[in-house]
Number of protein chains: 2
Amino acid sequence: MQNTETRERKPRADALRNRALILEVAQKHFLEHGVGTSLEAVAKEAGIGTGTLYRHFPTREDLVAGVLQLHAEELEVKRAQITSIADPDEALAQWLRAMEDYISAYNGLPGPLVAAAQEGHKDSPLSVPCTTNIETTNDLLAAAQKNGHARASVTGNDLFNVVASTAWLRSNCGVADVPVESMRDILTNGYNES
Amino acid sequence: MQNTETRERKPRADALRNRALILEVAQKHFLEHGVGTSLEAVAKEAGIGTGTLYRHFPTREDLVAGVLQLHAEELEVKRAQITSIADPDEALAQWLRAMEDYISAYNGLPGPLVAAAQEGHKDSPLSVPCTTNIETTNDLLAAAQKNGHARASVTGNDLFNVVASTAWLRSNCGVADVPVESMRDILTNGYNES
DNA sequence: ACCTGAACACCGTTCAAGT
DNA sequence: ACCTGAACACCGTTCAAGT
């Protein structure tokens, strides 16, 4: 029986090339102009018709998710490194900073990510990287709550939102990174003393 | 001597009417679609040419600042109320919440505001409301540092950024406000226990 | 199976022409 | 002094026509 619906079909060679090319050019444009950049300009620089771009990535979210996939291995390496740190507080802190950097890769990325991370958005192509990262956060947080100093009432989803907000601030407050440093300090210690 | 450059000149009646009309319609569209809404649609619903809109508000920031001015009195009342609260910690907490609500009035407002609040952006029409609010924050924070429990290392600008980030999260995480509650808790107390 | 590019609807911004 | 709206350049998205 030929199950043409569910079986993996071998894509044509030019389609594969186009897909990779689109991702490469899109990454460059995301870097320069954020994830809201002109898709028409991406298609033009890739030397393809706009229809081809839409065929490969029907929505902007699909394209963003595709570009994010390019960072997957790198993040996985970092995750493995950090997971092996003995001090659970230090491990959690380093992981949160790694996630902040990951989310800060392109302007305008924090918004779609926190939206996709919310419950009931499993349909979004961006929910995949979100749930993966939140799971890791949950694990590291659980360890820090048990053997470290993390508060029991905090959840991994909370910390994901908090880190995304920091990433948002980072790309909106200009060049000086002192505001972001202060933000991290406040998130860690609160603005009140104990 | 007729100093036509610096003297205040009486605007024409239709210009005044148009200005008020633009602000009214813009506020409605900002509420429904955020501050990035179509200016052409605003002009059309106001029944004026697009050129007239640009004459009154040369940039989108000018229009946003104009609409924000509509909230000025209301915020001033709240500021006066809060300033008279005896407990400095409580006063600061209520003021931060009031600012968060103020910044949450329209989607997309937090971005321009934190940008305008940064040093060296005194040229932006949005820097006026920013500096006003940050000054109040500085005053209430100073009192909370002296006679309350606010940490000495925190500044009013820090808290403004933090509150703007919370407002940003509020408009990006969908309907449930539990994530924002958690964010506020973490900002107040940190994610680590003392 | 995949690609192309014209077509449509939309938007920001400017500016010559009006009153 | 102020308003109008055409004009220009740009963008997202779809879809008939090609290979």
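Below, read A as the first sequence line, B as the second, and so on, with proteins coming before strands; counting in each chain starts at 1.
- Proximity of B/N18 to the phosphate of D/dC3: a side-chain N or O atom is located under 4.0 Å from OP1 or OP2.
- By the side chain to side chain donor-acceptor pair (under 3.5 Å) test, B/T137 pairs with B/W95, sequence neighbours left out.
- When the P atom of C/dT13 is taken as reference, atom CG of B/L63 falls 11 Å away, rounded to whole Å.
- The closest side-chain donor-acceptor pair between B/S104 and B/D101, if any, does not fall under 3.5 angstrom.
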Check: residues 175-187 of chain A side-chain donor-acceptor pairs under 3.5 Å, at least two apart:
unit_1 : atom_1 : unit_2 : atom_2 : d
A/S182 : OG     : A/V178 : O      : 3.1
A/S182 : OG     : B/D158 : OD1    : 3.3
A/R184 : NE     : A/E100 : OE1    : 2.8
A/R184 : NE     : A/E100 : OE2    : 3.4
A/R184 : NH2    : A/E100 : OE2    : 2.8
A/D185 : OD1    : A/N189 : ND2    : 2.7
A/D185 : OD1    : B/R151 : NH2    : 3.3
A/D185 : OD2    : B/R151 : NH2    : 2.7

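- Near-neighbour residues of DNA chain C inside residues 30-45 of chain A, defined by a heavy atom below 4.0 Å, are absent.
- The interatomic distance linking B/L21 (CG) with D/dC2 (P) rounds to 16 Å, in whole Å.
- Paired regions of DNA chain C, where each region holds three or more successive Watson-Crick or G-U pairs whose two hydrogen-bonding distances fall under 3.5 Å, are C:4-8 with D:12-16, C:12-16 with D:4-8.
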Open item on the list: Using a 4.0 Å heavy-atom cut-off to protein, can you give one letter per nucleotide of nucleotides 14-19 of chain D, 5' to 3': B if the base is in contact, S if only the sugar-phosphate is, - if neither?
Closed with: BB----

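- B/R55 comes within 4.0 angstrom of a base, heavy atoms only.
- B/A65 pairs by the side-chain contact (heavy atoms from CB on, under 4.5 Å) definition with B/P125, B/L126, not counting sequence neighbours.
- Atom CG in A/D62 sits roughly 15 Å away from atom C1' in D/dG12 (whole-Å rounding).
- For C/dC2, the OP1/OP2 oxygens have no side-chain nitrogen or oxygen of A/H56 closer than 4.0 Å.
- Distance, A/L53 CG to D/dG12 P: 10 Å, rounded to whole Å.
- Listed by chain and number, the residues in a side-chain contact (heavy atoms from CB on, under 4.5 Å) with B/K44 amount to none (sequence neighbours excluded).
- Under the rule for a side chain to side chain donor-acceptor pair (under 3.5 Å), the partners of B/E90 that lie at least two apart in sequence or sit in another chain are B/Q94.
- Checked against side chain to side chain donor-acceptor pair (under 3.5 Å), B/E76 has the following partners two or more places apart in sequence or in another chain: B/R79.
- Listed by first and then second residue, the ring pair (Phe, Tyr, Trp, His ring centres under 6.0 Å) pairs involving residues 112-151 of chain A amount to none (not counting sequence neighbours).
- With sequence neighbours excluded, the residues satisfying side chain to side chain donor-acceptor pair (under 3.5 Å) with A/D14 are A/R12.
- Separating the CG atom of B/D14 from the P atom of D/dA1 is a distance of 13 Å, rounded to the nearest angstrom.
- Hydrophobic clustering, with ILVMFWY side chains joined whenever heavy atoms are under 4.5 angstrom apart, groups B/V67 together with B/Y54.
- Summarising the geometry, the separation between CZ on B/F57 and C1' on D/dC2 is reported as 15 Å, rounded to the nearest angstrom.
- Residues A/L16 and B/T59 both approach DNA chain C. Their nearest nucleotides, taken by heavy-atom distance, put A/L16 toward the 5′ side.
- Evaluation of the side-chain contact (heavy atoms from CB on, under 4.5 Å) rule for B/Y102 yields B/L68, B/H71, B/L75, B/P129, B/N133 as partners, not counting sequence neighbours.
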